[in-house]
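Just so it is clear, the structure is predicted and the values come from calculations on it, not from any experiment.
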2 protein chains.
Amino acid sequence: MSQLPTLRQLQFIIALAEHGSFSRAAEAVFVTQPTLSAAIKELEAILGTVLVERGARGAVLTPAGEAVLERARRVMTEAEDLVIAAQAAGEPLSGPFKLGVIPTIAPFLLPRVLPALRERFPDIELFLREDLTDRLFDALRERRIDAALIALPYDAPMIETHAVWADEFLFAAPPDHALARKKTLAPSDLSEEPLLLLEDGHCLRDHALAACATGSARSDFAATSLHTLVHMVKSGLGATLLPRMAVDAGLVDRMGLEVRPFDPPVVGREIGVAWRKGSARSDEAIQLGDAIRDILQTAPSGGS
Amino acid sequence: MSQLPTLRQLQFIIALAEHGSFSRAAEAVFVTQPTLSAAIKELEAILGTVLVERGARGAVLTPAGEAVLERARRVMTEAEDLVIAAQAAGEPLSGPFKLGVIPTIAPFLLPRVLPALRERFPDIELFLREDLTDRLFDALRERRIDAALIALPYDAPMIETHAVWADEFLFAAPPDHALARKKTLAPSDLSEEPLLLLEDGHCLRDHALAACATGSARSDFAATSLHTLVHMVKSGLGATLLPRMAVDAGLVDRMGLEVRPFDPPVVGREIGVAWRKGSARSDEAIQLGDAIRDILQTAPSGGS
DNA sequence: CATGGGTATAGATATTACCTATGACTTCTC
DNA sequence: GAGAAGTCATAGGTAATATCTATACCCATG
């Protein structure tokens, strides 16, 4: 087998491509220009190909160099991932961990589980980011976050998920609403009732519509958060579906709204943890999800 | 950023995992046991994790070690691919090149194009492998071959393709066959005619059936090669569709069979070159396909 | 408890990675 | 155009490290 290049050499040619000059690239990787020069030369010898065109105004990659560059980048990130995965495997859920959470979960879940999480994983530094599902998926793919709490089902390429807990939907309406007289509801009761929902982009909107297969949304109004949503319901703009987790967290306390569960089988959404396929921290993501499930089960809600 | 391991170290831990013992692994990578021992120790220091359980009867990877192993393998093959891609980019279509070809193309195409290919790419060493499409795809995915000539459309995960030329289907039957009286045929003429085809697994069978949307295959007989197929047609067992390339190559010469083209738009299959997605030699595969197309166009068939 | 299979340690040596100093060559500037 | 200011390449010395040999150690097993 022909000799392999060094990761160092790959790092060097990446820097060279990025800075377009031996001297500046050398500076960027903290070596002198002759060192980098020699390293690139040896890399070319190993590969048997000229990778760089040296000119008086800097260096430009040859087509072969571009091909190598692309693969070198891959090798480097894989190697970095290996380090992260190893550290994570050795001491799971320690160090910085960037977790994305969708806006219809974050404000209700986090206060409830963060203290216990910190207790269970004292070495973790959780960085939280609240955003819509699609943007969290982008962040996962671009490695800006390590994992995300989202609502399933949701299917996206390059993303894997692990179910954590089922979040039941509850019907909420003003007291004088026709359906508020019933103790429990069936999804079919909503066929004639245009629902007031969150604005487009919130997965809760889609999941709520899916829950009452025949239902529809009010097209004239939409809320930007669950808090504004309940206020809009209160002012008589319509009825809605709320996740139990938000209700348990006190979302409708002292609002004077009527809240009704659905007949079994209850409708709702599944909350799960998601990570980029192949992520170095997928095991930790699963562990974190399981820990949250545990915490939710042992410490029931402090709601009304 | 924390320090990266060396490719050498990754190679070492892969060998260690494969041999289960420092001494034997060291032998396998041509270093002494203390060298490998020290290297693994340093790798563990870099990753901050114990990767190997040292026992009196050898070494076993810890769970963290297993996680590292898997990624180390990936990094190593990516690095090897980089070398291959660089060499290929520097001097395309030179050195050993393993090409798979399906059985309904190989015997008719290769004699026609191999001499010209050798002339055009004098430094290439073509290793040919004749097999069914599915097995060629497996071989591509497992890196046992670099590219394959197959019939499209065919869709398989991890495989990319590039069209090379269109191979028209011709109708072939014994002289006394009812349809042999027509000068040209429409695909619909075959609705009532159960065709004699190759046995299952040959893509030509599926593509021929697809060509005459309403047609069907004889279920009692099937041929194992185009040569036996024409003999079976000759003995009156039925009619069939043959690729023009095979006819041009003399498949039915002196067989006394009637061969008819279809009305435009002609039916047929597309021949293309396929490679594993991300393969180091995809550019060469495309170049090879284009070269074959060229050769076929400039040097028309020597058939009847 | 000696033996044999295994790994770790110590010390010497060969390799190589890197630095400093300098040279050769372009391109821009006046 | 001559000089200045870039560029990359080369040479030679030094420090770091990769590797080897030799040996110590550890533990199962007969």
Nearest-neighbour nucleotide for the [X] side chain, [options] considered:
| X | options | answer |
| --- | --- | --- |
| R57(B) | dT29(D), dC8(D), dA17(C) | dT29(D) |
| P34(A) | dA21(C), dC20(D), dT19(D) | dA21(C) |
| T32(A) | dA9(D), dT19(D), dC19(C) | dC19(C) |
| S21(B) | dC8(D), dG6(C), dC18(C) | dG6(C) |
| Q33(B) | dA8(C), dC8(D), dC20(D) | dA8(C) |
| E42(A) | dA8(C), dT19(D), dA17(C) | dA17(C) |
| R24(A) | dC28(C), dT7(D), dT29(D) | dT7(D) |

Length of the [atom1]-[atom2] vector between [X] and [N], whole Å:
| X | N | atom1 | atom2 | value |
| --- | --- | --- | --- | --- |
| L36(B) | dG6(C) | CG | P | 14 Å |
| E53(B) | dA8(C) | CD | C1' | 17 Å |
| F22(B) | dC26(D) | CZ | P | 17 Å |
| R54(B) | dT7(C) | CZ | P | 9 Å |
| L43(B) | dA18(D) | CG | P | 12 Å |
| Q11(A) | dA17(C) | CD | P | 14 Å |
| R8(A) | dA18(D) | CZ | C1' | 16 Å |
| E27(B) | dC20(D) | CD | C1' | 15 Å |

* Of F30(A) and G55(B), whose closest DNA chain C nucleotide lies nearer the 5' terminus? -> G55(B)
* To do: Establish, with yes or no, whether the OP1 or OP2 oxygen of dT9(C) is under 4.0 angstrom from a side-chain nitrogen or oxygen of S37(B).
  => no
* Is there a side-chain polar atom (N or O) of T35(B) under 4.0 Å from OP1 or OP2 of dC20(D)? -> yes
* To do: In plain terms, say whether R141(A) and D138(A) are close enough for a salt bridge, that is, a side-chain N and a carboxylate O under 4.0 Å apart.
  => yes
* Taking only Lys NZ, Arg NE, NH1 and NH2, and the carboxylate oxygens of Asp or Glu, determine whether R129(B) and D146(B) approach each other closer than 4.0 Å. => no
* **Comparing A56(A) and K41(A) on DNA chain D - which has the more 5′ nearest nucleotide** => A56(A)
* Asked: More than 12 non-hydrogen atoms from neighbouring residues, nucleotides or ligands closer than 6.0 Å to CZ on R54(B), yes or no?
  -> yes
* **Shortest non-hydrogen contact from C203(B) toward R269(B)** => SG-NH1, 4.4 Å
* Asked: Which distance, rounded to the nearest 0.5 Å, do you find between the CG of L51(A) and the OG1 of T49(A)?
  -> 6.0 Å
